[in-house]
Structure formats: C-alpha cells, structure tokens
Amino acid sequence: MSKDIVSTYDELVDAVQEARYRYYVLSDPGMSDQDFDALFKKLEQLEKENPSLIRPDSPTQQVGPPPGSAFLPYRHLAPMQSLDNAFNREELDDFFARIIQKIGAQKIAYVCEPKIDGVAINLIYRKSVLEKAITRGNGTVGEDVTLQVRTIVDVPKRLNSARNVDLIEIRGEIYFPLKEFAEMNEARIAEGEAAFMNPRNAASGALRQKDPSITAKRPLRFLAHSLGGAYSLEGESTISLNPESFFPSHSDFLAWADQAGFSVPKPIKKAVSSDETWQAIEYFTAERHNFAYEIDGVVIKVDELSLHQQLGSTARAPRWAIAYKIPALEKETKLISIEVNVGRTGKVTPYAVLEPVTLAGVTISRATLHNEDQIHLKDVREGDTVIVRRAGDVIPEVVKAITERRPENLSIWSMPERCPFCHEPLVKPLGEANHYCENIDCPNRVVESLIHFCSKSAMDIETLGEKTIVVLHDMGILSNVADIFKLHVSVPVLENLEGWGSKKIDNLLNAIENSKQKPLDRLLVALNIRHVGSVATKELTAHFPTLDSIRHAGREQLCMISGVGEKIADSLITWFSNKNNSRLLEELTELGVRTDVDIQLKKGDHTAPLAGKTFVITGTFSGMTRDEIKEKLESMGAKTTGSVSKNTTALLVGSDPGGKLEKAISLGVEIMREGDLEKLFAV
Ligand code: IVH
C-alpha cells in the first residue's frame, strides 16, 4: 500500500475526529453538517476500499459522541429514539403503506408538526416537580444538565395541570430563537469572535456550560413535542404505565402539555390522507421562515396512542412517526472573485463575490468563505460554478464548487500577502486559521471601529450610517471615535452631503448628545477591546462602577469576576496600558462622555422599569446568587426587603425556601420561581 494512502487515511481520521470533538464537546463544529457528512463518507469509502487500514479509533468504528464531556451520565428510563427520514413523496407514501398494512385500516389520523432543529432533551417530573433534565447522549445514556435547563424560562419547574402519576417524562427540543441568534452572531462578528455555525450549535453550546449562570444569560427556549413515558414508583422499582391511560391521542397530549405550562409546536395540522399530509408539508415549507425557531422538516405522527403500541419501533426509531426533511435552500451560481475584508479587530475574512441569485426571496451576491483553510478544504476557485446555500436565517455560504464544470487553468486562491487597505503585511498567528492585519491605523479597521462604535448594541448613534462614516473618514473629519463628538463643528460639511438636510443633522447631533449618557457597559462594548463583549462588560460594570476602577483593577481582581477569564483580563490590561488609548479616554471624558454606570437607576429613579416594586428573595438559586439577584433588581429601581408583608410585590423562590414561602402563600403574595427571572429582568 502506498505511503500516500496511509497518510491520506490518517489525515481523514484526524479531521473527522476533530470535527466530532468540536461538534459534541465544544458545540462548535467549524463546518456545516453537509461538509461533515461528505468528509465522513470519504473516510468510509477509503476504508471500504482498503479494509486493512481501519484503525480501532476510527470514527466509523464508534457509536455516539466521543468521551470528554463534563456532565454526569444518566441512564434513560426509556431509550430516547430518533426518527426515520423521508426525503420525497414516494418515501412518505411508503411510510403510509407500511402503517396501513400493519394496522389493516385505511383511514388513519395523523398529526403534522414542525420539526425543530434544536437539542433533544428529556425532562423528568416527579409528582409534578421538575427533577431531572437529560440530553439524548447515545439514546440509552445521556448527560445530566438539570441545573442548566432549570434556567430556561419556558421549562416549567412545576406542572400546572398534574396527572395522577409518580413520574412523567416530557421530551422536546431546546432551541436558540432565530432573531436572538442573528443578533448574537452579529455582535460576535463585530467583537472579532467566530460566529456560531447555526442556532442548534449555539443552543448546544449554551446548554453545555458547566456554570449554569452562563446558560441563564442565553435566551434559550424549549418546546415539548412528545411524551417519553409515565411511571409509578413501588418501593425500589419504577413501573412503566400505559400512556393511553393518560392520553388517548398525541394531540390530546399536546393540549395537556400546553395547559401544564409547556410551550408546544404551533400550529399543528391534522391529516387523514397522504394528500392532506402533503398539503401540510407544503404549508410548513412555505412558512418555514416565519417561525421563531429553525425548522428542518415536518414530523408526521399517527395520532392515536393505542396504534403506537401496535406499530412498535425498530432499534433506532418508532414506526408511528417519520420526519419529512425540507430540502436546504441551495442554488448554483458563478463565483466571480474572492475578496477579503478586514474587521475592526484586524481579522481578515475572505468572501465570495457571486453572480446574484435569489434564494427564498433574498438576493445573494456575496457569501462568506470564513478563512483560507476553508477555501482550500472546499477547493473553491475564482471562476468556478458553485453551490450556495442559505439555511434558515443564517448567513449564506458557499457549499462547494462543481469541479466537473471547472474551466481549465483556474488557479488555487491564496491569501494576499499584504492588507488590501493599508498594504501592511498580513499575519497568521501559529495554530490559528485566521489572518490578521495588525496595523491599528489601517483605514478599514478604523472605519469598521467607527461603525461598531455607532451601532445599536454600542453607543446607538445609528443616524450615522456606514456610508456617511466612510465619506467623513475619507474627508479626514472622522479619524477616531472621539471625532464623532466634535461633529457639531462640521455642520457646514454635513449640509453639503447628499441627503443631509437640517432636520437630519439635528437628529444626528441629538443622537450624539444622548449617547454621551449611555452607561459604562455600552461605552466598554463600543471601545472595541478584543474579547470584551456585552456579557463581559455587564459583569465588569456590576463589580466596578467606573472606568477608573476597571483601569486600576489588578489581573487577579478581574479574573475573579464570573464571565471574565484570563483572556479578557489580559486584553483589558493591555488595552488600558496603551498610551493612545489613555489619550482617547481622556479626550472622551473631556467631551462629556460618561464613564460610570447608571447610578440614577440604582437609587429609586421613578422611571426605572421596576420602580415602586418590592421583592423578597428566599432559597437557593442555581443560576445567580441571592446578592446578584438583589443587585440586579435594585439596578432596575426595585426595593428588596428581608420579610414578606402584604406590600411585597412578589416573593422570588429558589430551592429549599423555608417559612417565607408559606407566609407569602397565606398573604396571597405572588410567587415567582427562578424560571421567571429572565422575564422579570427583561421588563
Ligand atoms: S417526536 C421517538 N417531534 O428530531 C422520537 N421529534 O431527528 C419522537 N424533533 O429525536 C420524537 N422536532 O429530537 C418529534 N416535532 C417533533 C420534533 C422532533 C424535532 C427531534 C427529536 C428527534 C429528532 C429526530
């Protein structure tokens, strides 16, 4: 066997192992599902052709995720199965034919519901109280993520509508809402961090945080889609009960789950024939972008639970349900050229300039190519015909080149040696996939920093849009962010810009003036300090209320704050020790930009969102300490006291609450649980 084959094989094994590790353990796959499938197939093919090569540690020889996670294993009471897939109408009709043959009846009622592209989870309620939340794992053994799941608002901690049963298992999907996903990715890209590949990976990443307080900060949601099982406990034994004795049909189960406090997939469509099912599929396909979560298919389920028993399941999946996979939105187009952009952190991102194509009503003329390694891995070249894909609301990407249609002599693309904007050499740090322009005066970096400074999540001066920033930068009026606060002297210049009248100029100057009062965490986000994003700045300013106190904090003090690791602490220290940055801060202070937290809100401001409300906190919370909750409530204008009275707005109850809970119940005071906090903090 040639040395080449052996080394290709080793490389493939390594690549698949790395991708699996990144997918399961880091929740950051670094490639799309389709690319992973292609890589895996390549490995399988090579092994088929050369069986003597097969290494025992090859990913083809393993089932389920690799070891390396930090959560406790938990054996499911009943295995968590998967679903069989249908990719076209024929396969769907085969499914119906199998059922009709087995049941012997023609007219069978089905429920069609969206297939949520999330993270499967099993919730166990003991006497109506949430006891455990377990991931699917390999289907038999999952991982205990109870503390993390307890932080999700729409996972009920106690069921509203109990059934007389000792244990009940509710299965569903944890998902990252699309709108928040897009916002988070935008912020990550703006902060120079890698974007999440898709909402499912973002949900999985948030769920797999060892520290549940980090999970609590993510906007995770849950949808219940099936009954796992119902059990009675007798001594040491758990006896599985017949689900039909609780719910005659799956639609009855969903109606109950809705009442019990769960969110359930909506709408569902009932169907009694293949045609009606197909209409439901057409409905979900057309509406897929109007859901708050990513949908990758339609699940068709036999409605009557007694038929589930009759149909049974294979080792992998039940015979009473099937997932129709909605095809990803893909189209062919021509890749005209590969260009690069330099972000405000200096990160260089190559992108494809495409002949425009319309995908689901959106015209796409650019698609990200991530980095040079990705371009080589996909072997994409300028002049190629390529397939572009847009999955859900996610950034369009180039899937692959159609190499059979490649004209001769297309050269392999390589990263330019110098920055196209400032002509300084580009640098690729050892072990990193990205190239950087390290010149902080690079005009593109400066423009990107100015755009970021004005963005909604930073100082919110959106009247100053990208185009105007570029023009004013080119004219030498905006060379750094402090210049924004001197724009009032450039009114005559603004008046001469196309589309700028006195009203628009007034609005701009007002927005700039108002931005000076933004609290410190916004300023810190705006300043573009590497790795310092909105989560870290909130934590920082909760401990250090002024810019000076952060500047003078030592590394150890900074590292002690949850959400601020060594990387962020070092980055802050480096940034503050730079003379240009010190000068910039002095200038901003002189120009009237505030450099402290919003003290007003802390001390009983009547316009604060929780002004006039009084809370009492009792018990232990998994996501935040009592002091943190108190501080947060006070920063929103609320009062907190130590004892419950009829004037108490609500009692916030953690686990092991003690006597305050009884008193609150007897006085009729509202009781709020940990799951309600996110909503309360979002008012
Ligand atoms: S019913 C026996 N309904 O998709 C499993 N599953 O690819 C019964 N999924 O394992 C599951 N949306 O984790 C069901 N509306 C839905 C679903 C759904 C997403 C997940 C589930 C399943 C996987 C199969």
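- Between the Q148 side chain and the Q209 main chain, a donor and an acceptor come within less than 3.5 Å of each other.
- In this structure, CD on E397 lies 11.5 Å from CD1 on I387, to the nearest 0.5 angstrom.
- Here side-chain hydrogen bond (donor to acceptor under 3.5 Å, both in side chains) pairs that include residues 564-574, with residues two or more places apart or in two chains, are R555-D570.
- By the 4.5 Å heavy-atom criterion applied to side chains, N122 and H76 are counted as neighbours.
- Side chain of H376 to backbone of W413: a donor-acceptor contact under 3.5 angstrom is found.
- Within a 6.0 Å sphere centred on CD of E466, other residues, nucleotides and ligands contribute 12 heavy atoms or fewer.
- Side-chain contact check for K132 versus Y74: some heavy-atom pair is nearer than 4.5 Å.
- The aromatic ring centroids of Y110 and F96 lie less than 6.0 Å from each other.
- Other residues, nucleotides and ligands contribute over 12 non-hydrogen atoms within 6.0 Å of the NZ atom of K428.
- In this structure, the side chains of F284 and C112 come closer than 4.5 Å at one or more pairs of heavy atoms.
- Remark: side-chain polar atoms of H370 are not paired, donor with acceptor, to backbone N or O of I375 under 3.5 angstrom.
- Formation of a donor-acceptor pair under 3.5 Å by the R288 side chain with backbone atoms of I295 is found in this model.
- Taking the side chain to side chain contact (heavy atoms under 4.5 Å, CB included) definition, one finds that L43 meets it with Y9, L12, V13, V16, E47, S58, P59, T60, sequence neighbours left out.
- Of all heavy-atom pairs spanning P199 and F176, the tightest one is O-CB, 3.5 Å.
- In this structure, H308 contributes its side chain and S313 its backbone to no donor-acceptor pair below 3.5 Å.
- Between E294 and Y175 there is no side-chain heavy-atom pair separated by less than 4.5 Å.
- Between the side chain of K331 and the backbone N or O of T358 there is at least one donor-acceptor pair closer than 3.5 Å.
- In this structure, Y351 and V340 have side chains that are not in contact, with every pair of non-hydrogen atoms separated by 4.5 Å or more.
- Checking S274 against R89 by side-chain atom types alone, a donor-acceptor pair falls below 3.5 Å.
- Contact record, T345 with Y436: O-CD2, 4.2 Å, taken as the closest heavy-atom pair.
- Summarising the geometry of M415 relative to E372, their closest heavy-atom pair is N-OE2, 2.8 Å, with the distance given to 0.1 Å.
- A heavy-atom distance below 4.5 Å is found between the side chains of Q81 and P318.
- Atom SG of residue C422 and atom CZ of residue R445 lie 9.0 Å apart, to the nearest 0.5 angstrom.
- Using a 4.5 Å heavy-atom cutoff, the side chains of T151 and L220 are not in contact.
- For R319, the CZ atom is densely surrounded, since the number of other residues' heavy atoms within 6.0 Å is greater than 12.
- The shortest side-chain heavy-atom distance between T135 and I121 falls under the 4.5 Å cut-off.
- At least one donor-acceptor pair closer than 3.5 Å links the side chain of T333 to the backbone N or O of E355.
- By the neighbour-count criterion of 12 heavy atoms within 6.0 Å, atom CD of E49 is densely surrounded, having more than that number from other residues, nucleotides or ligands.
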